[in-house]
Amino acid sequence: MKKYDYLIVGAGPWGSVFAHEATKRGKKCLVIDRRPHTGGNTYCKEVEGINVHTYGAHIFHTNDKAIWDYVNSFVEFNRYTNSPVANYKGELYNLPFNMNTFYQLWGVTTPEEAKAKIAEQVAEAGITEPQNLEEQAISLVGTDMYQKLIKAYTEKQWGRKATELPSFIIKRLPVRFTFDNNYFNDRYQGIPIGGYNKLTEGLLAGVEVRLGVDFTEEREDLSQLADTVVYTGKIDEYFDFRFGALEYRSLRFDHETLDTGNFQGNAVVNYTDAETPFTRIIEHKHFEFGTQPKTVVTREYPQEWSEGAEPYYPINDSKNDTLYRQYKALAEAEEKVIFGGRLAEYRYYDMHQVIGSALKKVRDHFGDQ
Ligand code: UDP
């Protein structure tokens, strides 16, 4: 008899949902994480009474009522609506691309004029079937918008030419012909009241957790503890990088506490020119409508992932996706190991997709609908 039914590697949202659901079904779980805290990249650190998104801004949004109700059953969410501002060489534009942006860029005041302007620029560019992110962006919003708000931001973020990136990345952003600065089209959106750690605490209540434990280093001993391993780490690392390493985009966060109540008047300001070395400044208090006397801001510097850095964004180009499929075939042949989450599935997942993926796996695995 093993001591646990499940050893869950990784205390981020995917692992925490699995642990919660398995525990609810009477299973004994042990969750381990190499970091000194739970929550994965949603973990927040309190500074001056402000929840600082240590691993980058996390804004929860979903169209799925069941997922929204699920997260709200652990902690109530506030009414935060993401509406970033873009700063291009001192000029400010609303995001996502909407009538406010079109007015700011071209002075057009009606949807008809905006559409005509875009159509004119798309025709000039001569793109009929977009093959990459650059062509996709131009065909959605025209050349001016691409040059001022997309090209440099994208190339800083990904460290690759926009012509070498998959077009799905830009399709994440809505384009709308209404005066609506909501970054997401989803019906539900918000930040947990009191911070993301409350969500993690709710999910992991009553579950045994050991922190600072590295699965890769103690794999043999740890695997003895449970019948089934649930692995949410990097899939290439699990297989000892035998086909080569998958590529990721990483970030360096420069956090700063300032002696002012309000630095930039918005949670997210993107810097879309090529000269500014960071992509955005996050002012964390605005996610929770904070009124603290001080503020904490974070500048985000994209960098290539290398050993020791955090693997934030999978690079889902064809080269990496092909490599991933090789690892996936090994994972499917692995008995008594369940793989899931952003790193194990090598997917550019938002949080609601992570939760959806974990709940689906739970349903498939436990055989309940
Ligand atoms: N993007 C852009 N300009 C912006 C914001 C986003 O060109 O001001 C592009 C960029 O390619 C980015 C993609 O849109 O990688 C997706 O942006 P999103 O805000 O969804 O990225 P995340 O918040 O996941 O980093």
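Computed from heavy atoms alone, side chains included, the values below leave out hydrogens, waters and symmetry copies. In each ligand, atom 1 is the first atom listed, and ligand 1 is the first ligand listed.
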Give the residue, atom name and distance (to 0.1 Å) of the protein heavy atom nearest [atom].
atom: atom 5 (C) of ligand 1; value: N270 ND2, 3.4 Å
atom: atom 17 (O) of ligand 1; value: L173 CD1, 3.5 Å
atom: atom 6 (C) of ligand 1; value: Y153 CE2, 3.6 Å
atom: atom 20 (O) of ligand 1; value: R172 NE, 2.8 Å

Side-chain donor-acceptor pair under 3.5 Å between [X] and [Y], yes or no?
X: N266; Y: E283; answer: no
X: Y183; Y: Q189; answer: no
X: N51; Y: E46; answer: no
X: H58; Y: T42; answer: no
X: H286; Y: N262; answer: yes
X: E310; Y: Y55; answer: no
X: E334; Y: Y238; answer: yes

With atoms numbered from 1 as shown, which atoms in ligand 1 lie under 4.0 angstrom from a non-hydrogen atom of [X]?
X: L95; result: 8 (O)
X: I170; result: 9 (C), 14 (O)
X: T272; result: 8 (O)
X: Q157; result: 15 (O)
X: T154; result: 7 (O), 9 (C), 10 (C), 11 (O)

Side chain, backbone, both or neither: R280 near ligand 1, heavy atoms under 4.0 Å: side chain

Taking [atom] as the point of reference, which of [options] owns the nearest heavy atom?
atom: atom 3 (N) of ligand 1; options: I150, T279, L149, I169; answer: L149
atom: atom 15 (O) of ligand 1; options: Y146, W158, F168; answer: W158
atom: atom 21 (O) of ligand 1; options: Y183, Y348, Y313; answer: Y348

Pair Y196 + F287: ring centers closer than 6.0 Å: no

Within the 6.0 Å centroid threshold, strictly below: F74 and H20: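 Ring centroids of F74 and H20 are less than 6.0 Å from each other.
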
